[in-house]
Amino acid sequence: MRIATWNVNGIRPRMEQIKRLLDEQYLDVLCMQEVKIAEDIFPHDFFEQLGYGHRAVVSQKANHGVAIVSRLPFDADWRQVFWDKDDKRHVAVRFGDLMLHNFYMPAGGDKPDTDVNEKFAHKLGFYDHLIDWTPENHKASEKVLFMGDFNIAPLETDVWNHKKLVKSVGHSPGETERWSKLKQALDFVDLPRRDLSDDQSLFTWWGYRYPLAFAKDYGWRLDHAFATQPLNQDIRDVQVLKDTRSWEKPSDHIPIIVEL
DNA sequence: ATGGTGGTCCAACCA
């Protein structure tokens, strides 16, 4: 079973790229973030024709929005609102004893200061709620997979320049501490780093604003996949698909694929 | 210290 996560940055301008990813990678399940489309006009027919007959969509007009599309039927779907702000950032599905959660965490605005930046307060509040909620709803002995765009680059080697970026939103101490607490909540394995040393850099996002960002490898690791220990036993391979960032009309994020 | 791009939707917000 091959499960992927990808922040597509708008599902409508990314239809060709999504089809290409599904075809080339033989995916069974795709978790998407930032679909940016009203729920009632989600392109269900497109996925139906590609063989993804099972879908769980939590989205809205213009911004945010998540979806899970699957070839395999799931037994149940679940949506949770965190920090009392229902801007379509979570959907989950259950395949037998496997619980799969898809998250799109708040980005957090420009300044890492909760006094002047409400978006940063929202980001920390969302994390705090999730850190409490996770062990209330799951056990470390269950098979749980958290995937998505968590908008935090936790390690020094998860950004292209730690010293330059340590006071930036996405890599500040208040954020990286919360990422670690979330990881500890169910004794999760950080899958993309499972077989990679912490001194090796690993990125999943290169911004559009500076056009040379990808060429110069000015990246951040914002997208994550966490597995509980029992699930980790079942995981055969983990891939980060850097190549997709050089496709025509790319998303600014790249996919992570987990094979069970 | 600043601005660079892209998506949504048509002024301005989000990232």
Side-chain angles (χ1 to χ4, degrees), chain A residues 5-21 30-43 46 57-67 81-90 102-114 116-127 147-154 158-161 163-172 174-175 178-179 203-224 242 244-256:
Chain A
T5 177
W6 196 17
N7 180 324
V8 295
N9 189 23
I11 198 167
R12 283 169 286 188
R14 223 67 65 203
M15 300 289 263
E16 283 301 313
Q17 294 86 337
I18 291 167
K19 181 181 186 303
R20 182 172 171 188
L21 179 76
L30 176 61
C31 298
M32 289 172 279
Q33 303 87 38
E34 286 204 89
V35 295
K36 298 187 177 184
I37 191 168
E39 210 166 279
D40 59 347
I41 56 167
F42 186 87
F46 172 79
V57 179
V58 177
S59 65
Q60 63 186 7
K61 190 169 148 181
N63 293 119
H64 322 308
V66 290
V81 173
F82 293 91
W83 207 242
D84 286 338
K85 196 165 191 298
D86 188 9
D87 48 5
K88 319 305 179 193
R89 296 178 180 277
H90 170 261
N102 178 14
F103 290 99
Y104 173 53
M105 305 300 276
D110 294 328
K111 285 205 174 73
D113 179 347
T114 56
V116 299
N117 177 3
E118 205 171 296
K119 290 177 187 172
F120 193 69
H122 176 220
K123 183 176 194 173
L124 298 190
F126 194 113
Y127 262 93
M147 299 183 103
D149 176 2
F150 288 78
N151 266 314
I152 293 178
D158 290 331
V159 290
W160 60 277
N161 186 327
K163 277 191 179 175
K164 195 188 286 281
L165 299 170
V166 69
K167 290 177 180 168
S168 301
V169 170
H171 192 56
S172 68
E175 295 171 88
R178 281 173 173 83
W179 184 93
F203 309 141
T204 66
W205 176 85
W206 295 261
Y208 296 123
R209 291 190 202 186
Y210 178 52
L212 292 175
F214 188 59
K216 291 184 175 289
D217 207 22
Y218 293 167
W220 298 54
R221 185 167 73 111
L222 300 178
D223 303 273
H224 298 282
K242 192 172 178 182
T244 60
R245 187 61 179 80
S246 46
W247 287 359
E248 279 289 303
K249 285 194 71 185
S251 168
D252 45 352
H253 294 256
I254 62 171
I256 300 169

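What you are looking at is a predicted structure, and each value in this text was computed from that prediction instead of being measured.
Residue A:F214 is classed as having no contact, given no heavy-atom separation below 4.0 Å to the nucleic acid.
The interatomic distance linking A:D149 (CG) with B:dA15 (P) rounds to 10 Å, in whole Å. With rounding to whole Å, A:N117 atom CG is found 15 Å from B:dC13 atom P. If you take CD of A:E34 and P of B:dC9, they are 13 Å apart, rounded to a whole angstrom. Put simply, NZ on A:K88 is 17 Å from P on B:dC14, counting in whole angstrom units. Atom P of nucleotide B:dG6 and atom CD of A:E248 are separated by 12 Å, given to the nearest angstrom. The CH2-P distance, from A:W205 to B:dT5, rounds to 14 Å in whole Å. A straight line from OH of A:Y210 to P of B:dA1 spans 19 Å, rounded to a whole angstrom. Note: CG (A:N9) to P (B:dC9) measures 13 Å, nearest angstrom.
Considering only side-chain N and O atoms, A:H64 lies under 4.0 angstrom from the phosphate OP1 or OP2 of B:dA15. Proximity of A:R209 to the phosphate of B:dG7: no side-chain N or O atom is located under 4.0 Å from OP1 or OP2. At B:dC14, none of the side-chain N or O atoms of A:K36 fall inside 4.0 Å of OP1 or OP2 (strictly under the cut-off). Put simply, A:R14 has a side-chain N or O that comes within less than 4.0 Å of OP1 or OP2 on B:dG7.
The ring of A:W160 has its center closer than 6.0 angstrom to the ring center of A:Y218.
Comparing B:dT2 with B:dG6, their P atoms are spaced 23 Å from each other, to the whole Å. Between the C1' atoms of B:dA15 and B:dG4, the separation comes to 14 Å (whole Å). Comparing B:dC14 with B:dC9, their P atoms sit 14 Å apart, to the nearest whole Å.
Distance from the side chain of A:A107 is smallest for B:dA15 among the nucleotides B:dG4, B:dG7, B:dA15. When each of B:dG7, B:dA15, B:dG4 is scored by its nearest atom to the side-chain atoms of A:N151, the top-ranked nucleotide is B:dA15. The side chain of A:P13 lies closest to B:dG7, out of B:dA15, B:dG7, B:dG4. Relative to the side chain of A:R12, the nucleotides B:dG7, B:dT5, B:dC9 differ in distance, and B:dC9 lies closest. The A:K249 side chain lies nearest to B:dG7 when the options are B:dG7, B:dG6, B:dC9.
Classification of A:K88 and A:D86 as a salt-bridged pair holds, one side-chain N sitting under 4.0 Å from a carboxylate O. At a threshold of 4.0 Å, the pair A:R245-A:D217 does not count as salt-bridged, since none of the basic side-chain nitrogens sits closer than that to a carboxylate oxygen.
Base pairing analysis places B:dT5 opposite B:dA15; the two distances defining the Watson-Crick or G-U wobble pair are each below 3.5 Å.
When the nearest nucleotides of DNA chain B are assigned to A:M105 and A:A62 by heavy-atom distance, the more 5′-ward of the two goes with A:A62. Comparing A:K119 and A:V35 by the nucleotide of DNA chain B whose heavy atom lies nearest to each, the residue mapping closer to the 5' end is A:V35.
Proximity of a side-chain donor or acceptor of A:T204 to a complementary backbone N or O of A:L222 within less than 3.5 Å is detected.
Between A:Y127 and A:F150, the angle of the ring planes lies from 30° to 60°, which puts this pair in the tilted group.
When side chains are defined from C-beta on, A:H90 does not count as touching A:V81, because their heavy atoms never get closer than 4.5 Å.
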